[in-house]
Engineer: 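Here it is, the structure, as structure tokens.
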There are 2 protein chains.
Amino acid sequence: MSDLLERLRERGWRLTAQRRVVAEVLNGDHVHYTADEVHARASDRLPEISRATVYNTLGELVSLGEVLEVSTDGRAKRYDPNAHHDHQHLVCSRCGTIRDVHVQGDPLTALPEPERYGFQVSEVTVTYRGICPTCSATT
Amino acid sequence: MSDLLERLRERGWRLTAQRRVVAEVLNGDHVHYTADEVHARASDRLPEISRATVYNTLGELVSLGEVLEVSTDGRAKRYDPNAHHDHQHLVCSRCGTIRDVHVQGDPLTALPEPERYGFQVSEVTVTYRGICPTCSATT
DNA sequence: ATCCTACATTGGACATTGTCTAAGTCAAGA
DNA sequence: TCTTGACTTAGACAATGTCCAATGTAGGAT
């Protein structure tokens with residue numbers, strides 16, 4: 001994670017206590033927090049951090065390409081620090097849990113030229129939905 | 001479109017002026033309105049229709065499988081009446097325009113068993129992003 | 001080590017999108 | 001035509017996100 005902070009500093013990012021804490025909260029492999037969850041966890045370490053700062057910092061991390069924004073349910077966006085590894089998402093339709101998954105092949109190639117309607121297509125997101133083991137156990 | 005109203009009546013749907021207007025607004029091939037846009041257009045024909053009714057009706061159409069809910073940007077959900085034809089979406093990153101598109105093969109099969117983590121996967125949505133012809137012309 | 005200053009943070013108002021409720025209205029069967 | 005349970009309404013409320021003016025501070029300059 002200090003890698004991340006190093007990289008950001010090299011890009012001229014001013015390193016404040018608030019930003020450090022937000023970056024630390026996002027540390028991990030299968031982390032998909034909402035902005036409010038990030039704020040709650042950041043507040044544990046830095047009680048006076050404001051919501052606006054959390055939103056600002058998350059927005060910057062997204063712009064810098066360090067974190068991905070995921071909106072699987074039309075409610076709060078979630079933030080995925082696993083931005084440097086190409087992956088897709090598997091979402092439980094019941095409890096909303098998200099897993100990072102890897103697909104075979106490149107989904108971009110599945111869209112034939114005549115179906116591109118003149119768009120310069122540059123990105124694709126694939127979201128699988130189903131019932132997770134925990135939820136299907138407690139039916 | 002009267003097909004739709006027929007089908008709904010057969011399922012015990014009570015046919016009111018409000019529901020008829022909402023269904024009419026959603027008529028068309030590449031329609032992807034937000035709830036508020038549906039409400040605005042419905043108000044043209046039936047000025048006293050309330051937001052709550054539009055939300056209720058859209059929710060019911062989704063439950064009945066007649067309309068798909070699409071959330072491409074984490075902001076307002078959009079409603080896609082093209083629910084009976086399997087398709088995916090192509091979104092302009094600049095202006096937000098949405099097109100229905102058809103992909104080659106079944107994206108479900110691209111997720112190998114070990115990547116399913118015990119989920120009963122039943123659904124997949126694929127969203128392509130890029131710049132539409134209009135936006136790339138007006139650079 | 002201290003000072004400057006541009007950039008970051010704060011708190012709270014505001015905006016957007018969606019949900020809920022109690023009271024009134026109406027479609028459709030008897 | 002009457003009745004009744006389902007539908008609609010207005011507006012309050014909730015969740016999420018954005019914006020702004022005032023204040024604070026990281027990090028380069030001295």
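Below, chains carry the letters A, B, ... as their sequence lines are ordered, and counting in each starts from 1.
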Engineer: Closest-nucleotide mapping onto DNA chain D: is B:Asn56 or A:Thr16 further toward the 5' terminus? I mean the 5' end.
Structural biologist: B:Asn56

Engineer: Record whether the side chain of B:Arg75 comes under 3.5 Å of the base of D:dG17 through a donor-acceptor pair of N or O atoms.
Structural biologist: no

Engineer: What is the distance, rounded to the nearest whole Å, between atom CD of A:Glu48 and atom C1' of D:dT23?
Structural biologist: 14 Å

Engineer: Report the residue from A:His87, A:Arg99, A:His102 that forms a side chain to side chain contact (heavy atoms under 4.5 Å, CB included) with B:Glu115.
Structural biologist: A:His102

Engineer: What about A:Arg51: does its side chain form a donor-acceptor pair under 3.5 Å with the base of D:dG17?
Structural biologist: yes

Engineer: Assess B:Arg41 against B:Tyr33: is NZ or CZ under 6.0 Å from the centre of the six-membered ring, and within 45 degrees of the ring's axis?
Structural biologist: yes

Engineer: State whether the distance check finds a donor on one side and an acceptor on the other, under 3.5 Å, for side chain A:Arg14 versus base D:dT25.
Structural biologist: yes

Engineer: Strictly distance-based, threshold 3.5 Å: is any side-chain N or O of A:Ser50 a donor or acceptor partner for the main-chain N or O of A:Thr53?
Structural biologist: yes

Engineer: According to a strict under-4.0 Å criterion, is B:Gln18 in side-chain N/O contact with OP1 or OP2 of C:dC26?
Structural biologist: no

Engineer: Between C1' on C:dA28 and CZ on B:Arg20, what's the gap in Å once rounded to a whole number?
Structural biologist: 13 Å

Engineer: A:Leu8 CG to D:dA26 C1': how many Å, rounded?
Structural biologist: 15 Å

Engineer: May I have the distance from B:His39 (atom NE2) to D:dG11 (atom C1'), rounded to whole angstrom?
Structural biologist: 13 Å

Engineer: CD of A:Glu37 versus P of D:dT16: gap in Å, rounded?
Structural biologist: 9 Å

Engineer: With respect to the side chain of A:Tyr55, which nucleotide from D:dG17, C:dG18, D:dT9 is positioned closest?
Structural biologist: D:dG17

Engineer: Closer to the 5' end of DNA chain C via nearest nucleotide, is it A:Ser50 or B:Arg78?
Structural biologist: A:Ser50

Engineer: Establish, with yes or no, whether the OP1 or OP2 oxygen of C:dA27 is under 4.0 angstrom from a side-chain nitrogen or oxygen of B:Arg19.
Structural biologist: no

Engineer: Taking only side-chain N and O atoms of B:Arg9, does any of them lie within less than 4.0 angstrom of OP1 or OP2 on C:dA27?
Structural biologist: no

Engineer: For A:Leu58 and D:dT16, what is the distance between atoms CG and P respectively, to the nearest whole Å?
Structural biologist: 14 Å

Engineer: Just compare C:dT17, D:dT9, C:dT10 and give me whichever is closest to any side-chain atom of B:Ala76.
Structural biologist: C:dT17

Engineer: So which heavy atom on A:Val101 is nearest to which on A:Leu90, and how close?
Structural biologist: CG1-CB, 3.8 Å

Engineer: Please state how far atom CG in B:Asp73 lies from atom P in C:dT16, giving the value in whole angstrom units.
Structural biologist: 14 Å

Engineer: Using whole Å, what does the distance between atom C1' of nucleotide C:dT19 and atom CD of B:Glu60 come to?
Structural biologist: 14 Å

Engineer: With B:Asp80, which of B:His89, B:Glu69, B:His30 fulfils side chain to side chain contact (heavy atoms under 4.5 Å, CB included)?
Structural biologist: B:His89

